[in-house]
Amino acid sequence: MDKRYKHQEIEKNWYTFWEKKGYFRPEANKVKTPFAIILPPPNANADLHLGHAMYTVEDIMIRYHRMKGDATLWLPGADHAGFETQFVFEKKLQKEGKSRFDFDRETLYKMIWDFVHENRGNMENQLRRLGFSLDWSRQVFTLDPEIIKIVHRTFKKLHDDGLLYRDNRLVNYCTKDGTGFSDLEVLYVERTDPLYYMKYGPFTIATSRPETKFRDTALAVNPDDKRYKSSLGKTFEIMGLLGPVKMTVIPDPEVDPDFGTGIMKVTPAHDPHDFELGHKFNLSVTPIIDFAGRMDFSWFLSQKNIDPKYRARAEKYHGKKVKAARDLMVEDLKADGLLIKTDEKYTHRIGTCYKCGATIEPLPLPQWYIKIRPLADKAIASVKSKKIKFAPKRYEKIALQWLTNFRDWNISRQVVWGIRIPAWKCLDCRNDEWIVTDGNSPSSCPKCKGQNLEQDPDTFDTWFSSGQWPFATLEVNSKKDFGYFYPTSVMETGYDILPWWVCRMIMLGLYATGEIPFQTVCLHGLVRDAKGQKMSKSRGNVINPLSMADLYGADALRMALVFGTAFGNDVPMSEDKIRGMRNFSNKLWNIGRFVKMHRESYRNQKKYPENLSVEKSTNAEDKKILGELTKLTEVVTETVEEFRFDKGAEALYEFLWHSLADKYIEAVKDRLKNYDRQALAVLTHVFITSLKLLHPFMPFITEELNKQLSPENRVPLIVSPWPVVK
RNA sequence: GGACCCGUAGCUCAGCCGGUUAGAGCGUUCGGUUCACAUCCGAAAGGUCAGAGGUUCGAAUCCUCUCGGGUCCACCA
């Protein structure tokens, strides 16, 4: 054995050994207890980041249960990550001077498919490099045909059960990326914009969006506002930039009399609140901004007998981007004497695209919505009745808050890279009825028998398919897997996707299978830099997990991620911390060398302690270390069961370094020189047992040391029985 | 406006279902090169446990408030 631990050489081979031996592949076995975790599928096209390395805690649970003798399954997958991946791909196109508009749908899809599959292997090998004992024989991709079938099936079921509807309402639309989003994807940021006070007939109104005024359909005031009481229900002529228009004053209790002038213009096509209001008062929804984010005045320009002055204005605005048009209009308002004042320091929260940062434009667009209340209520019941538990416990309350506040879920995306929605429209019937299938194209319209059917061009929100991941992954492998491993034992992921993913899995899992998808939700914190700052490319503080594994060993990286921070809290990470754990690896290595050296020398002297019971020792030091080992066994077992991996890791570190190496080994040196059989027996027993306890945390080095100590007849640690306290 | 988390040694964090001299990693200082390890060993310095009040025989730990950081949610145009 080398004086220094060389992880580069040791870590290389063990994974292939484990994988080839089939240790990662459980059988459904009635005698055994099933234990299953479905890996949160990383994006197929992207390299792993440090956050993914947190899946270490899943490997800890998996290895622990495997050693306990459970039928243990850790199922890997890859996510097509719809919009996310298309976004990345478009960036790539951009660099090549192209855009998504240069290709038809099929070509674009094929190009992204190839792009994803070129990169997919990276992610998988990186998971292997970190020692994650995943059952690759059961690996699944979110775009596998069998998965798509299941997703279609669920969509159809929702449709048949009346839990799905199509509605033309305002969606959160990113005009840059060309797709709508659910409420969760909108990122609200504080911004300072001018608030314009403009003359509006006999009134003055305040708005930050003068460009939408051309499609105002009413004026709203608080019914209790004395100032406007007499105007309620009356219609006024209002002079605008394109001539006079007529508008009625309607009551709306939501209007805050203290904001602006207490009177609000109503633009149903471009504001969610106004949309609702418009619905109530039967106002028309007529957009003036198109899906490319440009002003559309064609409705005005197509009119006959327009005043040339107004025509010129409309032509000037037409086709301009929102912000540019707004500036032009403000100038014209000034010229017409309609702008009364401007509050330049008006701060408000504005919805932006979480990916590209562009302002989200609420636009009317027909989309598929899931009625979320019936699904969420069942999910709430499962959580409240503790059928689904949370670790750390505080996330239960947060999950309940989310589940209580969910609104109907828009699952349509105007993205090519995804699962196409299995809904068709008959072009002959010209009605609004949709034909929803389980995926197969309908041959003809069931009503008119027409053959002119057109499929909805949209794809599913990725979370709609990944929300079905726990049962879909098990079903597609074999019916036996689903019956045996479902509901899965633990769902472990980052707390940041609790609403996006975990809540949706609970809702869709319960809906599709009638059972909870997992028994415990276990949430880890976000990995941050040494100062607790978020890691980001722009900050330049990103730590790459693979280069850390290469430098210090995957074991060291794994240990660093669980050590020293209460599980569930954010994890500050630094190279120093990983280096510290590399040093711990080296300490283990040298304990191993020490033990091995003495075992060999005993053997040469024919003093080898064959099957000597360690319990019989009367030596005080032996008794002490054995007592501590018992305690350690209890602590590690308990803390892993309780999802407090940090405590287990710390107990192991403390015991191995400061009890075993610093104290016991120092104390036992003289006895070893005198070939005291009992001493070597205890030392070996204690070390091997603690290696077993450490194996889930640091699989590579422990496996190697175990082999070094008795290469001839020792079973690999990965399948060694978990130590128990008698 | 609502919810949650955090403020403990220079730094990053444990401890917080109350009870011996408040711990760890890294850092600092001092001393160690013989037969496991300098990726090491031994020793040391360093904390009004954010602040105030309360409960208690006893509080870093429970309760209330204040201050300071962070995160998330909410249709004020």
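We name chains A, B, ... by the order of the sequence lines, and we start the count at 1 in each one.
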- Mind checking the C1' distance from B:rC62 to B:rU55? Whole angstroms is fine.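 B:rC62 and B:rU55 have their C1' atoms separated by 8 Å.
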- Gap in Å between the two C1' atoms, one belonging to B:rU34 and one to B:rC26, rounded: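 Looking at atom C1' only, B:rU34 and B:rC26 are 30 Å apart.
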- Query: Whole Å only: how far is the CG atom of A:Asn590 from the C1' atom of B:rC35?
  - Reply: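 Atom-to-atom, A:Asn590 to B:rC35, this comes out as 13 Å.
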- Message: Donor-acceptor pair, distance only, cut-off 3.5 Å: does the side chain of A:Thr207 make one with the backbone of A:Arg209?
- Response: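 At least one qualifying donor-acceptor pair exists.
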- Determine, for nucleotides 17-32 of chain B in 5'-to-3' order, which nucleotides have protein heavy atoms under 4.0 Å from the base (write B), from only the sugar-phosphate (write S), or from neither (write -). -------SSS------
- Item | Nucleotide-resolved protein contact map, nucleotides 71-77 of chain B, B/S/- at heavy-atom distance under 4.0 Å | -SSBBBB
Quick one: side chains of residues 522-532 of chain A, donor-acceptor pairs under 3.5 Å with protein atoms, not counting sequence neighbours, listed by atom name and distance.
| from | atom 1 | to | atom 2 | distance (Å) |
| --- | --- | --- | --- | --- |
| A:His524 | ND1 | A:Glu492 | OE1 | 3.2 |
| A:His524 | ND1 | A:Glu492 | OE2 | 2.6 |
| A:Arg528 | NE | A:Asp570 | OD2 | 2.6 |
| A:Arg528 | NH1 | A:Gly532 | O | 3.4 |
| A:Arg528 | NH2 | A:Asp570 | OD2 | 3.3 |
| A:Asp529 | OD1 | A:Lys531 | N | 2.8 |
| A:Asp529 | OD1 | A:Gly532 | N | 3.1 |
| A:Asp529 | OD1 | A:Gln533 | N | 2.8 |
| A:Asp529 | OD2 | A:Asn541 | ND2 | 2.9 |

- Message: Are there over 12 heavy-atom neighbours, none belonging to A:His279, within less than 6.0 Å of that residue's NE2?
- Response: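 At most 12 heavy atoms, drawn from other residues, nucleotides or ligands, come within 6.0 Å of this atom.
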- Are A:Phe203 and A:Phe236 near enough that their ring centres are under 6.0 Å apart?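 When the ring centroids of A:Phe203 and A:Phe236 are compared, they turn out to be within the sub-6.0 Å range.
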- For A:Ser585, check side-chain hydrogen bond (donor to acceptor under 3.5 Å, both in side chains) against everything at least two apart and list the hits.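 By the side-chain hydrogen bond (donor to acceptor under 3.5 Å, both in side chains) rule, A:Ser585 matches no residue at all.
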- Partner residues of A:Glu11 under the side-chain hydrogen bond (donor to acceptor under 3.5 Å, both in side chains) criterion, sequence neighbours left out: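 Only A:Arg129 meet the side-chain hydrogen bond (donor to acceptor under 3.5 Å, both in side chains) criterion with A:Glu11.
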In residues 339-349 of chain A, what donor-acceptor pairs under 3.5 Å come from side-chain atoms, sequence neighbours left out?
| from | atom 1 | to | atom 2 | distance (Å) |
| --- | --- | --- | --- | --- |
| A:Asp343 | OD1 | A:Lys345 | N | 3.0 |
| A:His348 | NE2 | A:Asp193 | OD2 | 2.8 |

- Message: Any base atoms under 4.0 Å from A:Ile665, or only sugar-phosphate, or nothing? Heavy atoms, all strands.
- Response: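 Contact class for A:Ile665: base.
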